[in-house]
Amino acid sequence: MIEQSFRSRLELLPPAARLLVTVAAADPIGDPALLWRAAELLGIDAAVAAESAPLVEFGTRIRFSHPLARSAAYHAATPEERRSAHQALAAATDPVADPDRRAWHRAQASAGPDEQVAAELEASATRARERGGVAAAAAFLERSAALTISPVRRAERILAAVHNTLSVGDFDTAAELLTTVRTAEPSQAARADLLRGRLSFVRRRGDEGPTKHLLRAAALLAATDPAWSRECYLDAIEMGVLLGDLDHVVDAVRKAPPSGEPVSGAAALLTGLTTLVGDGHRAAGEILRPVVGDAGHDVWARRPSLGFMLAAELWNRDAMYGIATRAFAAGRESGSFHELPIGLAMLATATVHTGDFGAATELISEEEAIADATGAAPLVYPRLHLAALRGRREEAVELFASVDHRMSLSVQWATAVFSNGLADYPAALKAAKQAVEYGALGTSGLALPELVEAAVRCGETEVAAAALASLQERTQAGRQAWGLGVEACARALVTEDESAYQEAIALLDDGARVVYRARAQLLYGEWLRRQGRRRDARSALRPAHESLSDLGVEAFAERAAGELRATGEQARSRTSKASDQLTMQEVHIARLVADGATSKEVAAKLFLSPRTVDAHLRNIFRKLGLTSRRQLRDLPGIR
C-alpha cells in the first residue's frame with residue numbers, strides 16, 4: 001500500500017526527474033558525484049530535475065524519504081529505463097578506483113549474455129573473497145553465470161557461486177543454484193556431487209544420503225584424477241563418521257582402484273582409516289599417529305572434523321585442541337557461516353576438557369547465534385560435553401532429553417560421565433555400554449574409561465577388563481600423556497594397583513589435563529579410604545575436591561566432598577561464581593562487556609539488536625546486583 005502510493009507520486013513527475021530518480025535508486029551507495037556524472041551522460045539537467053523529485057534528498061549523500069521509496073522508484077521504471085540507468089552509472093564509474101561497482105552496473109545493464117561483463121564479475125568475486133566478502137563473491141558469481149554463454153564456463157561459475165553461497169549459510173539459494181548445473185564434464189559433475197553432499201548434510205532435512213553423493217564423485221574421478229578421487233573418499237569417510245555410516249563408506253573405498261602412491265599425507269590417512277576399521281587400532285596406530293599428531297597438516301584444513309574425532313579416538317588432546325584452533329581461525333578469517341560454526345563447536349569441546357567452562361560457554365553461545373541467524377541446526381555436542389562435566393542435574397537432564405536421536409551416542413557418553421559424577425553407577429554402566437557398543441569414532445573411545453569405572457563399581461569385572469583392553473589399544477596407538485594417564489587410572493581401578501594411580505596422577509600433571517588429574521585423585525582417594533588409610537585418603541581427596549570445585553565440575557566435586565566427610569574432614573563449601581546465575585547467552589554477553597565491548601559490538605557478534613543486548617544487560621545486572629559496566633568488569637568469576 002505504501003509502495004503503491006510512492007509509485008503514484010512518481011507517475012506525476014516530469015520524465016527527466018523520473019529518470020533521475022531511477023538512476024538514484026539504481027545505485028544504493030548514494031554517491032552524489034556519481035549520480036551527477038551519470039545524469040550528464042543521460043542528457044539530464046540534474047539541477048532542474050532534482051527540484052521536481054520530492055522523494056529524494058540530494059545532499060552530501062543521496063537519501064530517499066523512505067526505504068520503500070527507493071524500491072518503488074526502481075521497480076516503477078521500465079526494464080529499458082533501468083538498463084539505461086545502470087549503463088550510465090557504469091560509464092560514470094572509475095574502472096581503476098572502483099572496478100567492482102562498475103562491473104555490477106554493467107551486468108545490470110546487460111539485456112542478454114555478455115562474456116566480457118561475466119569475466120569482470122568473476123574478477124570482482126575473486127577480489128571480494130580476498131577481503132573476506134564471501135556473500136558479495138557469491139552474488140557476483142551468480143550474476144556472472146547468468147551472463148555466460150559457454151555451457152562449461154557457465155557450470156564452472158555456478159559451482160563457484162554455490163560454494164560461496166553455502167559458506168554464508170544460504171542453503172536454499174545454494175540448493176536452487178545446484179538444480180541449474182548442466183554438465184557432462186567429469187570434474188564439474190564430481191564438484192556438483194560434492195556440493196550436493198555437503199548441502200544435504202548441513203540442511204539435515206530427510207534422508208538425502210550425503211555420503212552417496214561423495215562416493216559418486218570419487219568414482220567419477222577415479223580414472224581421470226586419482227588424487228582428487230582419494231580426497232573425495234576421505235570426505236565421504238568424514239561424513240560417514242559423522243552420520244554413523246562408516247562401514248559402508250570403507251567398503252566402497254576398499255573396492256576403489258589402488259592409487260599406487262607412497263603412504264603419506266592424504267594417502268596415509270586413507271590407508272590408516274581403512275586399516276583401523278578392518279584390523280583395529282594397533283595395526284593402524286603406526287600409520288595414523290604421525291598424521292593425527294600434526295595439527296597443522298594440510299589434510300586437516302579441509303576436513304577438521306575428521307581430524308578432531310581421530311585425535312579423540314587416539315586420546316591426543318594436543319591434536320584435538322590444535323586442529324580445533326586452526327579450524328576456528330580459518331572460519332573467522334574467511335567469514336564462512338559453514339566453517340566458523342564447526343571451528344567454534346570443536347574448540348568449545350576441546351576447551352571443556354581443559355576445564356575452562358567460561359571460555360567454552362562463550363564459544364558455544366557464538367555458534368548458536370550463527371545457527372539461529374542462518375537457520376542451520378546448532379551443533380549440540382559441545383553443550384553435551386559441558387553439561388556432562390559440569391554435572392548440574394536439572395540442566396543436564398533437560399538437555400539430554402531434548403537432543404535429536406542422531407546425537408544419541410553423544411548423549412549416552414554424556415549420561416555416563418554425568419552419572420559417574422553422581423555416583424549413580426548402574427545408570428553410568430548402562431549408558432557407557434550403549435556408547436561403546438556402537439563403536440563410533442571418538443565417542444566410543446571417550447566412553448571406555450567411564451565404562452571401566454561404572455563396571456568396577458557395579459562388580460562387573462569382566463566388562464571392566466574388556467573395556468580396559470579396548471582403551472589400551474587406543475591409548476597405546478596414540479602414545480600421548482592424556483590417554484596414557486587415563487588408561488593408567490582405569491588400570492588401577494581394575495587391578496587395584498596403587499602405583500597405577502600414582503602413574504596416572506603424574507602423567508596428568510598438566511594444566512590442560514586438570515579435570516582428569518582431579519578425577520584420578522578422587523578415585524585414588526576413594527581407594528585409599530576403602531583400604532582404611534584415612535590420612536592418605538585425605539591427602540588425595542583434598543586437592544581433588546579443591547580442583548573440581550574451583551573448575552565448577554559440580555557432580556564430581558560433591559562426590560569428593562562426600563568422600564572427604566567419610567574420612568572425618570569437613571570439605572569447604574564451593575564458592576558460587578557470578579556466572580552460575582546466568583544463562584549461556586548472558587554469560588557470553590557479560591564476558592564480552594567485561595572485556596570492554598560496546599552493546600553495538602556485542603550485537604554484531606551475536607546477531608542481535610543493540611536494544612536486545614541492553615535488555616540482556618539489565619537482566620545480568622539485576623541477577624548479579626550490579627548497576628554499571630565497570631562493576632561487571634571488576635567482578636571476579638566473569639572472565
Side-chain angles (χ1 to χ4, degrees), residues 159 163 166 178 181 183-281 283-285 287-288 291-292 297-310 312-314 342 406 409 437-445:
L159 291 170
H163 176 82
L166 270 175
L178 266 176
V181 175
T183 182
E185 204 278 320
S187 66
Q188 288 185 340
R191 282 175 62 196
D193 271 324
L194 289 171
L195 290 166
R196 288 187 189 101
R198 181 173 152 191
L199 178 63
S200 174
F201 177 73
V202 296
R203 291 176 96 187
R204 298 181 184 179
R205 295 178 185 170
D207 184 15
E208 298 169 333
T211 56
K212 175 187 69 176
H213 297 298
L214 302 186
L215 291 173
R216 188 166 59 213
L220 274 170
L221 295 166
T224 58
D225 195 333
W228 191 6
S229 175
R230 184 175 59 247
E231 294 285 336
C232 293
Y233 278 124
L234 276 175
D235 291 337
I237 284 178
E238 178 180 46
M239 200 162 287
V241 170
L242 293 169
L243 296 174
D245 191 25
L246 183 58
D247 290 344
H248 168 70
V249 176
V250 169
D251 285 342
V253 173
R254 287 200 181 102
K255 294 172 185 174
S259 66
E261 296 184 15
V263 182
S264 62
L269 180 57
L270 197 58
T271 301
L273 284 163
T274 53
T275 303
L276 179 67
V277 173
D279 303 314
H281 295 78
I287 304 170
L288 288 175
V291 186
V292 173
H297 200 292
D298 289 344
V299 75
W300 306 131
R302 275 191 54 189
R303 49 192 70 83
S305 296
L306 180 60
F308 189 79
M309 287 182 289
L310 275 171
E313 184 71 7
L314 298 183
I342 293 171
R406 284 169 293 198
L409 292 176
E437 283 170 3
Y438 194 82
L441 198 69
T443 306
S444 62

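Along the sequence shown, the residues carry numbers beginning at 1.
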Checking the side chain of S229 only, and the main-chain atoms of D225 only, is there a donor and an acceptor separated by less than 3.5 Å? no
Which value, rounded to the nearest 0.5 Å, describes the distance between [X] atom [atom1] and [Y] atom [atom2]?
{"X": "L288", "Y": "L269", "atom1": "CG", "atom2": "CG", "value": "6.5 Å"}
{"X": "L178", "Y": "R196", "atom1": "CG", "atom2": "CZ", "value": "5.5 Å"}
{"X": "E313", "Y": "L441", "atom1": "CD", "atom2": "CG", "value": "4.5 Å"}
{"X": "M309", "Y": "T443", "atom1": "CE", "atom2": "OG1", "value": "8.5 Å"}

Which residues satisfy the side-chain contact (heavy atoms from CB on, under 4.5 Å) test with [X], sequence neighbours excluded?
{"X": "A252", "answer": "L215"}
{"X": "D298", "answer": "R326"}
{"X": "E185", "answer": "T183, S187, Q188"}
{"X": "L270", "answer": "R230, Y233, L234, I237, V253"}

If I compare all heavy atoms of [X] with all of [Y], which pair ends up nearest, and what's the gap?
{"X": "A440", "Y": "L409", "value": "CB-CD1, 3.5 Å"}
{"X": "T211", "Y": "A236", "value": "CG2-O, 3.9 Å"}
{"X": "P186", "Y": "L221", "value": "O-CD2, 4.3 Å"}
{"X": "A190", "Y": "L220", "value": "N-CD1, 3.9 Å"}
{"X": "L306", "Y": "W300", "value": "C-CZ3, 4.2 Å"}
{"X": "H213", "Y": "D193", "value": "CB-O, 3.2 Å"}

List the residues meeting side chain to side chain donor-acceptor pair (under 3.5 Å) with [X], not counting sequence neighbours, and say none if there are none.
{"X": "S444", "result": "none"}
{"X": "E238", "result": "none"}
{"X": "T224", "result": "none"}

Check against side chain to side chain contact (heavy atoms under 4.5 Å, CB included), V299 and V291: CA-CA 8 Å; V299 75; V291 186; 4.0 Å; yes
Would a 4.5 Å heavy-atom cut-off, applied to side chains only, mark T274 and D279 as touching? no
Side chains of H163 and R191: closer than 4.5 Å at any heavy-atom pair? no
Just to verify, what does R303 make a salt bridge (charged side-chain N to carboxylate O under 4.0 Å, His left out) with, not counting sequence neighbours? E231, D235
Output all residues satisfying salt bridge (charged side-chain N to carboxylate O under 4.0 Å, His left out) with D251, sequence neighbours left out; order by chain, then residue number. R254
